[in-house]
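Counting begins at 1 with the first residue of the sequence. This is a predicted model, so every value here is computed, not measured.
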Amino acid sequence: MNGNLVITIGRQCGSGGRKIGMQLAEELGVKCYDKELLSLAAKNSGLCKELFETHDEKPTSSFLYSLVMDTYSLGYTTSAYMDMPINHKVFLAQFDAIKKLAAEESCVIVGRCADYALADFPNTTTVFITADEQDKIERLQKLHDIDAAKAKDIMVKTDKKRASYYNYYSSKKWGDAKSYDLCINSSAVGPDGAVKMIRAFAEAKGLWKNK
């Protein structure tokens, strides 16, 4: 394994997780990957980018998870891969892109089961960002210029989609403290405080693991 530092960020809708990830990356002098992962995965897999945008972090109920990962271990030339639903192909391509990134550079990765994909990478710090409901609603109102009812609807539906995607493809539960190294309520500490906590935790974890 290499010595690259990778920080993955799972986040509730409206919690400011993406903003925190971008600020963290800037302070660390590395790149933050969110939607950018779609372009990388498309480029590496040969699938068109529009497919990744359509299926991005969307749950699925077709086929078994075991089929997806069995095919991953066998490679993309098998008939099982050729017959696989497109959402599974999209997931596997992102899975590969995340591993490739971690092998090549230190970075911050937002969402897309990155913590699960990098379970075997020792220098990965996994984080989940939450926030108080009212703060999340107000942030979404400002971001999308909508009323509180619409903001709450977006929040609930987005979190449901993210949870279904994560719970289906990973062996863990989305938002559960046991699934991450560190869980932070951004309402309690603010974006700056969250960034400071993540940096301190990643440093402490690195020192402890490398003893």
Side-chain angles (χ1 to χ4, degrees), residues 6-25 32-35 37-38 55-61 64-65 68-69 87-88 90-91 94-95 97-99 102 107-121 124-144 148-202 204-205:
V6 181
I7 298 174
T8 69
I9 297 183
R11 72 286 184 221
Q12 289 183 332
C13 181
S15 66
R18 183 174 184 275
K19 178 182 177 182
I20 289 168
M22 292 176 68
Q23 183 178 332
L24 175 65
C32 178
Y33 292 93
D34 184 7
K35 294 291 185 182
L37 270 174
L38 306 184
H55 294 275
D56 186 31
E57 287 193 302
K58 288 188 176 176
T60 180
S61 59
L64 297 174
Y65 167 81
V68 181
M69 298 317 290
N87 51 337
H88 288 330
V90 166
F91 170 79
Q94 288 191 121
F95 199 85
I98 289 167
K99 283 179 170 289
C107 57
V108 176
I109 303 176
V110 178
R112 294 165 188 84
C113 293
D115 58 307
Y116 177 65
L118 300 178
D120 295 330
F121 283 65
T124 298
T125 293
T126 62
V127 180
F128 190 82
I129 306 294
T130 183
D132 296 346
E133 182 167 308
Q134 189 58 40
D135 289 340
K136 291 187 292 183
I137 290 173
E138 289 178 1
R139 185 177 286 114
L140 290 170
Q141 282 184 262
K142 292 177 182 177
L143 182 64
H144 300 292
K150 180 61 177 176
K152 184 172 183 178
D153 184 59
I154 290 174
M155 180 185 74
V156 171
K157 288 180 177 177
T158 301
D159 281 350
K160 184 177 181 181
K161 181 186 76 170
R162 288 176 180 170
S164 295
Y165 179 86
Y166 185 93
N167 295 345
Y168 183 85
Y169 282 115
S170 83
S171 57
K172 302 183 292 182
K173 185 176 180 181
W174 185 81
D176 190 315
K178 296 191 295 292
S179 299
Y180 311 91
D181 292 327
L182 179 66
C183 295
I184 299 174
N185 183 334
S186 62
S187 293
V189 298
D192 291 345
V195 169
K196 187 179 296 185
M197 289 176 69
I198 296 168
R199 291 189 64 175
F201 186 95
K205 181 180 179 180

Rounded distance [0.5 Å steps], [atom1] in [X] versus [atom2] in [Y]:
X: Tyr180; Y: Phe128; atom1: OH; atom2: CZ; result: 5.0 Å
X: Asp159; Y: Arg11; atom1: CG; atom2: CZ; result: 9.0 Å
X: Gln94; Y: Ile109; atom1: CD; atom2: CD1; result: 10.5 Å

Has [X] got a side-chain atom pairing as donor or acceptor with [Y]'s backbone, closer than 3.5 angstrom?
X: Asp132; Y: Gln134; value: no
X: Ser170; Y: Cys113; value: no
X: Arg139; Y: Gly14; value: yes
X: Lys136; Y: Cys13; value: no

| side-chain contact (heavy atoms from CB on, under 4.5 Å) partner of Val108, chosen from Val127, Thr8, Ile9, Ile20 | Ile9

| Leu118, Ile98, Thr125 screened by side-chain contact (heavy atoms from CB on, under 4.5 Å) with Val6, the one that passes | Leu118

To check you understand the geometry: which heavy-atom pair defines the closest contact between [X] and [Y], and what is its length?
X: Cys32; Y: Ala25; answer: CB-CB, 3.6 Å
X: His144; Y: Ile154; answer: CD2-CD1, 4.4 Å
X: Cys183; Y: Ala177; answer: SG-CA, 3.7 Å
X: Asn185; Y: Ala131; answer: OD1-CA, 3.4 Å

| task | Sequence neighbours left out, what passes side chain to side chain donor-acceptor pair (under 3.5 Å) with Thr130? Give chain and number order. | result | Gln12

| message | Do Tyr116 and Ser171 make a side-chain contact, defined as non-hydrogen atoms from C-beta onward lying under 4.5 Å apart? | response | yes

| Partners meeting side-chain contact (heavy atoms from CB on, under 4.5 Å) with Ala151 (sequence neighbours left out) | Ile137, Leu140, Gln141, Ile146

| message | I'd like to check the side-chain contact (heavy atoms from CB on, under 4.5 Å) partners of Arg18; sequence neighbours left out, ordered by chain and number. | response | Met22, Asp34

| Pairs in or reaching into residues 172-198: which pass salt bridge (Lys or Arg N to Asp or Glu O under 4.0 Å), with residues at least two apart or in two chains? | Asp115-Lys172, Asp176-Lys178, Asp181-Lys205

| By salt bridge (Lys or Arg N to Asp or Glu O under 4.0 Å) - contacts of Asp135 (at least two apart) | none

| message | Holding to salt bridge (Lys or Arg N to Asp or Glu O under 4.0 Å), I want the full list of residues that pass it with Glu133, two or more places apart in sequence or in another chain. | response | Lys152

